[in-house]
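Notes to accompany the following structure.
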Amino acid sequence: MNVVQAHQMLMTRYAVLVPYIILIYDHMATLTEEIVFIWCRPKALSSALFLLNRYVALLGNIYAFIDYLLPASVSCSTYRLSKQVLAFLQVFIVSFILALRTYALYDRSKCLLALLVIIILTFVGGAFTGTFGRHSSTVTNLPGGGCYRIYTAKIIIRLAWMIPPIYDLLIFVLTVTRALKIRGLLWLSLTKSRRNIIAVMFQDGVMFFGVMTLFEIPNILTYYHGSDMVRGSLRTFTNCMSVTLISRLMLNLHKSVDAGILSAPTRDDDDGLLVLTTGLDVQSTNSSHYW
């Protein structure tokens with residue numbers, strides 16, 4: 001291993017360590033809100049998905065990080081499979097949550113839900129190929145212990161990791177389209193107060209898409225232009241950030257209504273305000289706070 005490769009190896013180690021720290025820090029920072037708005041409220045599907053998203057990522061990444069530091073003889077036999085399964089689950093859970101959120105935003109349209117499910121299954125097939133493909137990556141022993149994963153430069157691997165940002169773009173377009181239809185162009189703003197559910201959904205959706213785009217583009221570029229050591233090194237970062245952001249998004253919705261991502265905004269013709277429907281009852285929205 002030459003000096004350049006050693007430097008790239010060090011940078012990729014930081015690229016793995018930093019997202020773990022962010023994930024754990026955000027979990028601790030929002031633990032009080034989780035207890036108040038998730039554990040102490042009536043349990044619903046949205047609450048279960050929030051906990052699934054958060055704790056699969058947290059416990060899985062803690063395991064992966066410990067496994068990453070173990071001696072090569074112990075960890076390399078399971079490192080590749082565990083990391084692949086974890087990455088696949090994180091992407092799938094986040095995609096499913098976004099689909100349900102969009103389904104509720106469109107007044108629980110079953111046609112839209114069916115379309116999103118078909119799209120997710122199609123994307124899952126592509127992501128599965130890229131994640132579990134026979135020649136998708138190799139694991140090599142590191143000097144001094146531990147192991148390192150090197151992704152191949154095959155076109156199928158590059159295309160597989162373009163799937164998440166494409167899906168995020170679709171959800172973003174659907175969210176903005178629905179917000180425009182409900183409230184109109186002049187109403188939409190990132191600086192206005194979050195007085196109702198559509199404002200929360202719109203502003204959080206824009207923030208989610210914007211932040212994920214900033215992380216997804218460099219990650220994709222590593223697959224096309226990065227060396228063997230650098231290729232795919234930001235994948236853990238993007239996965240951890242998507243879990244963190246979707247957890248924040250769900251917490252903001254649970255501050256307004258127990259149904260969370262399954263709350264459907266509709267117009268109240270009497271006063272022109274938006275109210276929430278969970279399929280069982282209707283209640284006014286409360287104020288929410290910025291992330």
Side-chain angles (χ1 to χ4, degrees), residues 4 7-23 25-26 53 57 61 64 83-84 86-99 101-102 116 119-120 122-131 133 136-137 148-177 179 190 201-249 291:
V4 175
H7 178 71
Q8 291 176 345
M9 183 68 68
L10 179 62
M11 295 304 295
T12 55
R13 283 182 176 271
Y14 288 144
V16 172
L17 178 61
V18 170
Y20 291 155
I21 294 175
I22 293 176
L23 187 69
Y25 171 80
D26 182 76
N53 171 69
N61 279 291
K83 287 290 291 181
Q84 287 175 329
L86 175 62
F88 183 78
L89 281 177
Q90 287 181 229
V91 172
F92 179 79
I93 292 172
V94 169
S95 299
F96 185 66
I97 290 173
L98 289 174
R101 172 180 168 273
T102 307
L116 290 176
I119 292 173
I120 289 177
T122 303
F123 284 177
V124 163
F128 188 90
T129 302
T131 303
S136 63
S137 64
Y148 183 73
R149 187 177 181 188
I150 298 177
Y151 292 91
T152 66
K154 293 181 179 294
I155 188 64
I156 186 63
I157 307 303
R158 297 172 176 176
L159 293 177
W161 286 103
M162 290 185 65
I163 292 175
I166 292 175
Y167 183 78
D168 291 343
L169 176 61
L170 172 63
I171 296 297
F172 173 73
V173 171
L174 289 172
T175 300
V176 173
T177 301
L190 295 178
M201 286 185 168
F202 172 73
Q203 294 177 14
D204 288 358
V206 171
M207 292 179 187
F208 178 87
F209 176 75
V211 173
M212 286 309 303
T213 299
L214 290 177
F215 292 118
E216 290 284 7
I217 290 177
N219 182 47
I220 292 173
L221 290 177
T222 65
Y223 285 97
Y224 283 87
H225 303 291
S227 64
D228 289 343
M229 290 292 182
V230 175
R231 192 177 300 121
S233 58
L234 296 178
R235 173 179 168 182
T236 301
F237 204 112
T238 56
N239 286 346
C240 287
M241 287 305 301
S242 67
V243 169
T244 300
L245 291 173
I246 207 71
S247 296
R248 291 283 185 141
L249 183 151
W291 293 0

- Task: Take Asp204 and Arg248 through the salt bridge (charged side-chain N to carboxylate O under 4.0 Å, His left out) test and state the conclusion after the steps.
- Result: CA-CA 9 Å; Asp204 288 358; Arg248 291 283 185 141; over 6 Å; no
- Message: Does Asn239 form a side chain to side chain contact (heavy atoms under 4.5 Å, CB included) with Val243? I'd like the steps, not just the answer.
- Response: CA-CA 6 Å; Asn239 286 346; Val243 169; 5.8 Å; no
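Interatomic distance, Leu169 CG to Thr213 OG1, rounded to the nearest 0.5 Å: 7.5 Å. Considering CG of Leu17 and CD1 of Ile22, their distance stands at 10.0 Å, rounded to 0.5 Å.
Residues Met212 and Pro165 fail the side-chain proximity criterion, which asks for heavy atoms closer than 4.5 Å. Within the 4.5 Å cutoff, the side chain of Leu245 has no heavy atoms near those of the Met207 side chain. Thr175 places none of its side-chain heavy atoms less than 4.5 Å from the side chain of Phe208. Considering only heavy atoms from C-beta on, Thr222 stays 4.5 Å or farther from Arg235 through its side chain.
Residues satisfying the ring-ring contact (aromatic ring centres under 6.0 Å, His included) test with Phe237, not counting sequence neighbours, are Phe215. Residues meeting the side-chain hydrogen bond (donor to acceptor under 3.5 Å, both in side chains) test with Ser247, sequence neighbours left out: Asn53. In terms of the side-chain contact (heavy atoms from CB on, under 4.5 Å) criterion, residue partners of Thr236 (sequence neighbours excluded) are, by chain and number, Pro19, Tyr20, Asn61, Lys83, Cys240. In terms of the side-chain contact (heavy atoms from CB on, under 4.5 Å) criterion, residue partners of Tyr167 (sequence neighbours excluded) are, by chain and number, Ser95, Leu98, Ala99, Ile119, Ile120, Phe123, Ile171. Listed by chain and residue number, nothing satisfies the salt bridge (charged side-chain N to carboxylate O under 4.0 Å, His left out) test with Asp168 (two or more places apart in sequence, or in another chain). With sequence neighbours left out, the side-chain contact (heavy atoms from CB on, under 4.5 Å) criterion links Leu174 to Thr102, Tyr106, Leu112, Leu116, Leu170.
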